[in-house]
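In the text below, chain A, chain B and the rest are named by the order of the sequence lines, each starting its count at 1.
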Amino acid sequence: MPEGAKVTRLGPSPTGFLHIGGLYVGLLDRDISTNSGGAYIVRVEDTDQAREVEGAVEQFNRAFEYFGIVPDEADDRGAYGPYHQSQRESIYLTYVREMLRQDKAYLCFATKDELADITARQQATKLPTGYYGRWAIWRDKSAEEVQAKLDAGEPYVVRFRSPGKAGERVSFSDAIRGTLEHEANRNDVVILKASDQSPRLPTYHFAHAVDDHLMRVNLVIRGEEWISSVPTHLQLFDTLGFERVEYAHIAPLMKQQGGSRRKLSKRKDPEASVDFYIEAGFPARAVQYYLRGLANGRLAELPLDEALSSPISLDDCGVAGPLVDLVKLEDISADLVATMSGEEIIDAIKPWAQTYDPALVELLDNERELALKALAVERGADVANPRKDLRKWSDFRPAYGFFFPALFELVGNDDERLGGLDPKIVSAVAADFANNYQHLEDGQEWFGQIRALLEPHGFAPNPKEFKKNPDAYHGSIREAAQLIRVALTGSTRSPDLHAVARTLGEDEVLRRVRALV
RNA sequence: GGCGUGUUCGUUCAGUGGUGAGGACACCGGAAUCUCAAUCCGGAAACACGGGUUCGACUCCCGUACGCGCUACCA
């Protein structure tokens, strides 16, 4: 590996859905390791088996793959495994034994009740809570006492004999925040969980030290909630004789709870989950662009392609937690899709629809020509202002479904989308339009047909005229055109009407308009 | 409670010891228009508060408020 290569790692715990924040960190890990010539590792931190959710790992992998964030080392590849902590039991045990032998760790038989009692007494006397000093009841027990408990078959945990003293402070540097200062750890933290469980599992703190050292990780990017634990980690690295790693604590992308203002919560805010973006069918590149922009504001000013290929710099990461702005994401996404050709759009929609809208796949296969024609309306290399009506693949059905006769439901003359026009007038206009319809190629001439309907049916020739004298008319050319639009598309908004009509074909146009008669 | 960390337009990302505090999205108004969307032009809109330091502070220091985190055999 080249000088300065960063080996990064993501440690997802399979306790539920993948949070967008996890994707964000993975993006940083992947980017920084790639750009420094290092490696990016995914190590599943499944040491809390009680909370484990089945299938979570597969779901994570799918999600990361969708966004093109693929590790160099993981379960199925890499020479530093295993990459599941639950399969590294013997490795942890080896280090624990060595620490025990050197008296840098010890067995603790304190029960839950005893610990709760210690905490309660500390709180009552306003002392810092924790297992330290005189509260560390098993720290200095004699070998005989320990042996007695062992013989009695009592379960125990292994605790780290912290070298920290009261009042001591440590400072360390953070790649994002600069120098940070904190009081030193003096808690004899648990490093190996209960002896009556199998497999014997380490706590996060211990696994972090052992795994990251063994996997030659040298840059740990993680959420800022870990800042308080750094002094503990530093002690662990030092007593194990490991070289310290560099830390980068990033601001949380969003909060999962908290009553005030705009914190995202798992329950109330579906956009907290990565699956939300995949299900909706946001193009991966749009999401990447957005996330990279959040990390480094400078990247948000760049054109998409350039931003995706520019390296992210930890120095430029913000320290305050941003909130995810879906409207902004949709805007980015709409801009991106607007640059794509019909072919590219269909090719992107199909894999998405395979999972989330199978019927659509079939339709696109059977009606590919029609789909291409529909997507060509006001779109393509020769169009100055391409339509931006697709932000995500799930928009296709509502925005373009009407082009397909199989998906279109005929509109009646009393439909509310007609804006309250008298059904009798609707019927008369539709009949007149249909009876005289010419499937003209020229847009102006085609619209001439709608103009021809104005006077006899009581519509003003232009909106201004109508505004001047609203009682004299049913509406203006605006309303008349809208009537035809709703008839043809079932929507009050649609691409250029003439282009729609040409795409649908004469028979289909007549069929739809006649439904209003 | 203790410790840590943060606070710039509605949102987001910038930024400087002396600035007209910038961009983007959203919003409002206008142009154009057969409807949307898009486009073009314009507008409103922010340095949490209080003390210092300084000729001068949004920027540096201290404090307060508020948010968030840690204080677990959760990560």
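Base pairing analysis places B/U12 opposite B/G23; the two distances defining the Watson-Crick or G-U wobble pair are each below 3.5 Å. Pairing partner, B/A46: none, since no Watson-Crick or wobble contact has both distances short of 3.5 Å. Across all strands shown, B/U35 forms no Watson-Crick or G-U wobble pair with both key distances under 3.5 Å. B/U5: Watson-Crick or G-U partner is B/G67, with both key distances under 3.5 Å. Pair check for B/C60 finds B/G52; Watson-Crick or G-U wobble, both atom distances under 3.5 Å.
Between A/E183 atom CD and B/G4 atom C1' there is a gap of 9 Å when expressed in whole angstrom units. Counting to the nearest Å, the P atom of B/C74 and the CZ atom of A/R222 are 17 Å from each other. Going from atom CG of A/D389 over to atom P of B/A37 covers 11 Å, rounded to whole Å. Look at NZ on A/K328: it is 13 Å from P on B/U11, rounded to the nearest Å. A/R121 has its CZ atom 22 Å from the P atom of B/G2, to the nearest Å. Rounding to whole angstrom units, CG of residue A/L329 and C1' of B/U11 are separated by 13 Å. In this structure, NE2 of A/H182 is placed 7 Å from C1' of B/C70, rounded to the nearest angstrom. Atom CD1 in A/I221 sits roughly 21 Å away from atom P in B/A75 (whole-Å rounding).
Rounded to whole Å, the C1' atom of B/A21 lies 34 Å from the corresponding atom of B/A32. To the nearest whole angstrom, the two P atoms, one in B/G2 and one in B/U59, are 27 Å apart. One C1' atom belongs to B/G18, the other to B/A57, and the distance between them is 9 Å to the nearest Å.
Listed candidates were B/G4, B/A37, B/A75. Nearest to the side chain of A/S13 is B/A75. Checked against B/G69, B/U12, B/G4, the side chain of A/E225 finds its nearest nucleotide in B/G69. The nucleotide whose nearest atom lies closest to any side-chain atom of A/E301 is, among B/A37, B/G6, B/G23, B/G23. Of the candidate nucleotides B/G69, B/C34, B/C3, B/C34 has the atom lying nearest to any side-chain atom of A/A481. For A/D331, whose side chain is taken as the heavy atoms from C-beta onward, the closest listed nucleotide among B/C34, B/C25, B/C73 is B/C25. Ranking B/U12, B/C36, B/U5 by closeness to the A/I227 side chain, first place goes to B/U5. With distances taken from any side-chain atom of A/L497 to the nucleotides B/C34, B/U5, B/A37, the minimum falls on B/C34. Among B/U5, B/G6, B/G2, the nucleotide with an atom closest to any side-chain atom of A/V319 is B/G6. Taking only side-chain atoms of A/L294, from C-beta outward, the nucleotide of B/U12, B/U5, B/A72 with the closest atom is B/U12. If you check B/A75, B/C70, B/C34 against the side chain of A/F447, the one that comes closest is B/C34.
Salt bridge annotation for A/R285-A/D305: present, with a cationic side-chain nitrogen under 4.0 angstrom from a carboxylate oxygen. Electrostatic pairing of A/K392 and A/D395 counts as a salt bridge here, judged by a charged N lying under 4.0 Å from a carboxylate O. A salt bridge is defined here as a Lys NZ or Arg NE, NH1 or NH2 lying under 4.0 Å from an Asp or Glu carboxylate O, and A/K388 with A/D335 meets this definition. Between A/R186 and A/E168 there is no salt bridge, since no side-chain nitrogen of the basic residue lies less than 4.0 Å from a carboxylate oxygen of the acidic one.
Each of A/S494 and A/V327 lies near RNA chain B, and the nucleotide nearest A/V327 is the one positioned closer to the 5' end.
Taking the six-membered ring wherever Trp is involved, the centroid distance between the rings of A/Y204 and A/W226 falls below 6.0 Å. Aromatic pair A/F109/A/Y156: centroids less than 6.0 angstrom apart.
Contact annotation: A/T47 reaches the phosphate of B/A75 (side-chain N/O to OP1 or OP2, under 4.0 Å). For B/C34, the OP1/OP2 oxygens have a side-chain nitrogen or oxygen of A/R451 closer than 4.0 Å. Dashed line: the shortest gap from a side-chain N or O of A/K193 to OP1 or OP2 of B/A75 is under 4.0 Å.
A/D196 comes within 4.0 angstrom of no nucleic acid atom, judged by non-hydrogen atoms across all strands. Residue A/A194 is in base contact, counting any heavy-atom pair closer than 4.0 Å across all strands shown. Using a 4.0 Å heavy-atom criterion, one finds that A/I484 contacts no nucleic acid atom at all. Contacts of A/D496 with the nucleic acid, taken as non-hydrogen atoms under 4.0 Å apart, include base atoms. Contacts of A/R169 with the nucleic acid, taken as non-hydrogen atoms under 4.0 Å apart, involve only primed sugar atoms and P, OP1 or OP2. Across all strands, A/V157 comes closer than 4.0 Å to base atoms (heavy-atom distances). Across all strands shown, A/E181 has heavy atoms under 4.0 Å from sugar-phosphate atoms exclusively, and none from any base.
On a pure distance criterion of 3.5 Å, a polar donor-acceptor pair joins the side chain of A/R387 and the base of B/C36. Side-chain atoms of A/K388 stay outside donor-acceptor range of the base of B/A38, with no qualifying N/O pair under 3.5 Å.
Counted by atom type alone, A/N436 and A/Q449 present zero donor-acceptor pairs between their side chains at under 3.5 Å. Between the side chains of A/R169 and A/H182, not a single donor N or O lies within less than 3.5 Å of an accepting N or O.
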